[in-house]
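Whatever order the structure lists ligands and atoms in, that order sets their numbers, starting from 1.
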Amino acid sequence: MAASESSSSASASGAWAPPEGWEVVIGCEVHSQLRTESKLFSSAPNTFGAAPNTQTTEVDLGLPGVLPVVNRYAVELAVRAGVALGCEIQHFSLFARKHYFYPDLPKGYQISQYEQPFSSGGLVPIRLGDTERAIPLTRIHMEEDAGKLVHDDALTGGATHVDLNRAGVALIEIVSEPAIASPAEAAAYLRSLRAALRYLGISDCDMEKGNFRCDANVSVRRSGASELGTRVELKNLNSFRFVERAIEGEVERQVDLIEAGGEVVQETRHWDEHTGTTRAGRLKEDDDDYRYFPDPDLVPLRIEADWVEEIRANLPELPHARQLRFERELGLSSPDAGRLCEERELADFFERSAELHGDARKVANWMIRSVLPTLASLGKALSELPLTAEHLAELVGLVDEGKVTAASAREVFAELAESGRAPAELLHEKGLEAVSDEVELEGIAREVLDANPGNVEQYRAGEAKVLNFFIGQIIKRTRGKANPASVRSVLERLLA
Ligand code: ADP
Ligand code: MG
């Protein structure tokens, strides 16, 4: 996901604004693969990365005479998403055929929901700085994924191959209202949605594996206008940073076009992460072109009210609510709380550790400054490490008690996380226990003072900050192990 830094966009600082006199309207469509064992209408396994065309049945291959059977668990996950996002679950819905020709779509149509999807309405809460908003949803519907065309020359020697492993994988498509007002809001919306789907165990939402894919529909209009402008659909937005940059660029392109007397055409544009620009794709079909009609092979979907209530009763606390609780009850800053709530596993770990230790803010600081960077540098998830919430609480406790300096603790953190050993034991073995023994520190302090008579004079002449120089020297001589509080008290005594 490396990006070339380019163009005038100022998204990194959050300072981007649309050109004077213009406002932005965005509606997002998200396709999220459901975490099911088998596909939406067949028993073929839903696995990523298997050898091409090995995860298929006759149903996924579109062979004649076969019949699709809906996957009950896929419906359960879809309903869970709807209930969690405050949607109205329809007790009666239909699967329809959406016709188009593409080599990765062997049936010549995709089974989707059209006029009567299983879910309507709903809200996705977002937080931007101190502003809370909820983005309204139009609908969520279920559909099957298509296969994949493989253009990789190294694999196919210049030819294009078709891999149907993905064909038939269960998806939900979440469609927002055109109610998102800035690129930053679009990114916040997608983050919030992804966090919720992950908390709910609905989808892994791994953007690199394509199980959370977003298209952003973008239009512009003169400030205060009530009619919507013509929308352009941006595809291929495979990271949240690109979403912001692509929308910013698209807004600028549309405004320039209109101001130069041109007109925006309704089309699909593909974001190219290497050039940082979009290029035109196909002109967008109207719904009529798809010749939708109810799939005669599938009975209407009935979702019983009792089942919906059972699913509702078993929902976990959602990330947005949890973030607000961390801020309100534990006193965390909004960015820290947001970061820790992105993944349920992380939030659970933090919460347990904070409970054991007692000072949530201190533990949050260790999460942000040590746990997360360690995970990032090892490229691992918390569940893949033997590190426990008890370890973290113990380590932070040892720092509090002055048994180890914060610097030493941070230094061995990665090793600790990977070894799963008790912090006190590991620190002892590495000889990193803090030197707080005043007799030992006094010896070192005397050496430092003797070696720097000029600084001693400065200090005595009233330059109090010279004390920090001495503290630094002593810490250096102990290779970071001296407990700063003990050093300070020894120095103050010697210099008095
Ligand atoms: P399609 O699949 O044909 O793109 P959908 O109805 O699934 O159509 O999705 C349309 C998306 O475009 C919705 O998210 C909607 O909010 C958004 N949208 C519609 N009109 C506009 C507009 N003028 N400007 C921005 N977004 C729009
Ligand atoms: Mg759509």
Self-check item: Atoms in ligand 1 flagged as close to Leu228, the criterion being non-hydrogen separation under 4.0 Å
Solution: 23 (N)
Practice problem: Say whether Pro178, considering both its backbone and side-chain N or O atoms, lies within less than 3.5 Å of an N or O atom on ligand 1. | Solution: yes
Quiz prompt | CA sep, side-chain torsions, deciding dist, call: Arg322, Asp348, salt bridge (Lys or Arg N to Asp or Glu O under 4.0 Å) | solution = CA-CA 10 Å; Arg322 197 170 198 184; Asp348 288 346; 2.7 Å; yes
Quiz prompt | Those atoms of ligand 1 less than 4.0 Å from some heavy atom in Ser176 | solution = 13 (C), 14 (O), 15 (C), 16 (O)
Practice problem: May I ask you to check if ligand 1 and Thr230 share an N or O to N or O distance below 3.5 Å? | Solution: no
Practice problem: Check whether NZ of the Lys or CZ of the Arg Arg302 lies under 6.0 Å from the centre of the six-membered ring of Trp307 and within 45 degrees of that ring's axis. | Solution: no
Quiz prompt | Ion pair Arg35/Asp204, N-O distance below 4.0 Å | solution = yes
Quiz item: In terms of ring plane angle, is the pair Tyr290 and Tyr292 parallel, tilted or perpendicular, where the classes change at 30° and 60°?
Solution: perpendicular
Quiz item: What orientation do Phe212 and Phe240 show, parallel under 30°, tilted 30 to 60°, or perpendicular over 60°?
Solution: perpendicular
Quiz item: Can an N or O of Val218 be found at a distance shorter than 3.5 Å from an N or O of ligand 1?
Solution: no
Exercise. Before signing off on this row, confirm whether Thr138 and ligand 1 have an N or O atom pair separated by under 3.5 Å.
Key: no
Practice problem: Could you point out which residue of Glu173, Gln113, Gln116 forms a side chain to side chain donor-acceptor pair (under 3.5 Å) with His141? | Solution: Glu173
Quiz item: Heavy atoms only: which of Val30, Asp215, Val175, Ile135 is nearest to atom 6 (O) of ligand 1?
Solution: Val175
Quiz item: By number and element, which atoms of ligand 1 are closer than 4.0 Å to a non-hydrogen atom of Glu177?
Solution: 16 (O)
Self-check item: Subset of ligand 1 atoms that lie under 4.0 Å from at least one heavy atom of Cys28
Solution: 14 (O)
Quiz prompt | Close-contact set for ligand 1 against Gly27 heavy atoms, below 4.0 Å | solution = 14 (O), 16 (O), 17 (C), 26 (N)
Quiz item: With the threshold set at 4.0 Å, does a side-chain nitrogen-carboxylate oxygen contact exist between Arg213 and Asp145?
Solution: yes
Quiz prompt | Closest heavy-atom pair and its distance - Glu342, Tyr199 | solution = O-CE1, 3.9 Å
Quiz prompt | Atoms of ligand 1 close to Glu173 [distance to a heavy atom under 4.0 angstrom, numbered from 1] | solution = 7 (O)
